[in-house]
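Start at 1 and go down the list; that is how both ligands and their atoms are numbered. Every heavy atom of this structure was used, including side-chain atoms; hydrogens, water molecules and symmetry mates were not.
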Amino acid sequence: MAVGIFDSGLGGLTVLDAARRRLPDVPFVYFGDSAHAPYGVRDADDIYNLTTAAVERLWAAGCDLVILACNTASAAALRRMQESWVPRDKRVLGVFVPLIEALTERQWGDNSPPREVAVKHVALFATPATVASRAFQRELAFRAIGVDVEAQACGGVVDAIEEGDMILAEALVRSHVDALRRKMPSPEAAILGCTHYPLLQDVFQDALGPDVSVYSQADLVAESLADYLERHPGMLGSGTDGMYLTTGDPRRVSSRATQFLRRQITFEQA
Ligand code: DGL
């Protein structure tokens, strides 16, 4: 009974950690495609091909259910995968919907018509590919009306995190927050729409100020995964061992992951 968690690199570890806390008895197989990160500057076909290859590897590791803990893959590839690629006995879920349900104060799977919600001005920080896809605005429009979304494509942040250059990553975050504020001076809420960004959540909060509620995905996705597994216990795959797979250099990736999560993490070659 294993569940797969996929990201282009290390960002999905923020989701994995929350999922492990919420579901301590479930083994998770993590796949980080560090050799091909960042995805955020790639085109949709490229992201689709890389994501499907990674998901096939997770299926081979005994995971029938795979979470795309990557907004870029969720935005650019998930719908196409679900429509024409995922076999009947497997599931691939993304990370947008739990976040949007939280923002719009909806229960899981509440499909009632869009309605007015408390927040009116939302800042979205995400990769260039996620921003270009407009997937966030599309999913939001199904659930809420009258919400003004200003999106900031945060070029360079994922590369800096993957390289372990947190000083550069912090400087880039501050400059992207400044750029957002020039377009939307007073957002009420900010969405960290990339699973790498919670590694810099304090910097986002500091740059945005205490009046802005910062939403990040890890706990929301973990909660909705727990809910999903309760309703679909058969989707726990046959795998029994948790593991960390990377397409990058396992030594380098393990050392970055250990630094980020402050516990020993050992990756093996995917
Ligand atoms: N963590 C991925 C996301 O949530 C980063 C994408 C990238 O590799 O650019 O979008």
S.K.: Residues in salt bridge (charged side-chain N to carboxylate O under 4.0 Å, His left out) with Arg231, at least two apart?
M.R.: Asp227

S.K.: When you check ligand 1 against the protein, what N or O pairs turn up below 3.5 Å? List the atom names and distances, or just say none.
M.R.:
| from | atom 1 | to | atom 2 | distance (Å) |
| --- | --- | --- | --- | --- |
| ligand 1 | 1 (N) | Asp7 | OD1 | 2.9 |
| ligand 1 | 1 (N) | Asp7 | OD2 | 3.4 |
| ligand 1 | 1 (N) | Thr195 | OG1 | 2.8 |
| ligand 1 | 1 (N) | His196 | ND1 | 2.7 |
| ligand 1 | 4 (O) | Asn71 | N | 2.8 |
| ligand 1 | 4 (O) | Asn71 | ND2 | 3.1 |
| ligand 1 | 4 (O) | Thr195 | N | 2.8 |
| ligand 1 | 4 (O) | Thr195 | OG1 | 3.3 |
| ligand 1 | 8 (O) | Ser8 | OG | 2.6 |
| ligand 1 | 8 (O) | Tyr39 | N | 2.7 |
| ligand 1 | 9 (O) | Tyr39 | N | 3.2 |
| ligand 1 | 9 (O) | Gly40 | N | 2.8 |
| ligand 1 | 10 (O) | Asn71 | N | 3.3 |
| ligand 1 | 10 (O) | Thr72 | N | 3.0 |
| ligand 1 | 10 (O) | Thr72 | OG1 | 2.6 |

S.K.: Enumerate, atom names and distances included, each donor-acceptor pair closer than 3.5 Å involving a side-chain atom of residues 122-129, sequence neighbours excluded.
M.R.:
| from | atom 1 | to | atom 2 | distance (Å) |
| --- | --- | --- | --- | --- |
| Thr127 | OG1 | Thr72 | OG1 | 2.8 |
| Thr127 | OG1 | Thr130 | N | 3.3 |
| Thr127 | OG1 | Thr130 | OG1 | 3.1 |

S.K.: Given a cutoff of under 4.5 Å between side-chain heavy atoms of I, L, V, M, F, W and Y, with clusters grown through shared members, what are the other residues clustered with Val55?
M.R.: Phe6, Val29, Phe31, Tyr39, Ile47, Tyr48, Leu50, Leu58, Trp59, Val66, Leu68, Leu78, Met81, Trp85, Val86, Val92, Met243, Leu245

S.K.: Less than 4.0 Å between a side-chain N and a carboxylate O, is that true for Asp110 and Arg115?
M.R.: yes

S.K.: Taking atom CZ of Arg251 as the centre, does the number of heavy atoms from other residues, nucleotides or ligands within less than 6.0 Å exceed 12?
M.R.: no

S.K.: Measure from the side-chain N and O atoms of Gln205 to the backbone N and O of Gly209, and report whether any donor-acceptor pair falls under 3.5 Å.
M.R.: yes

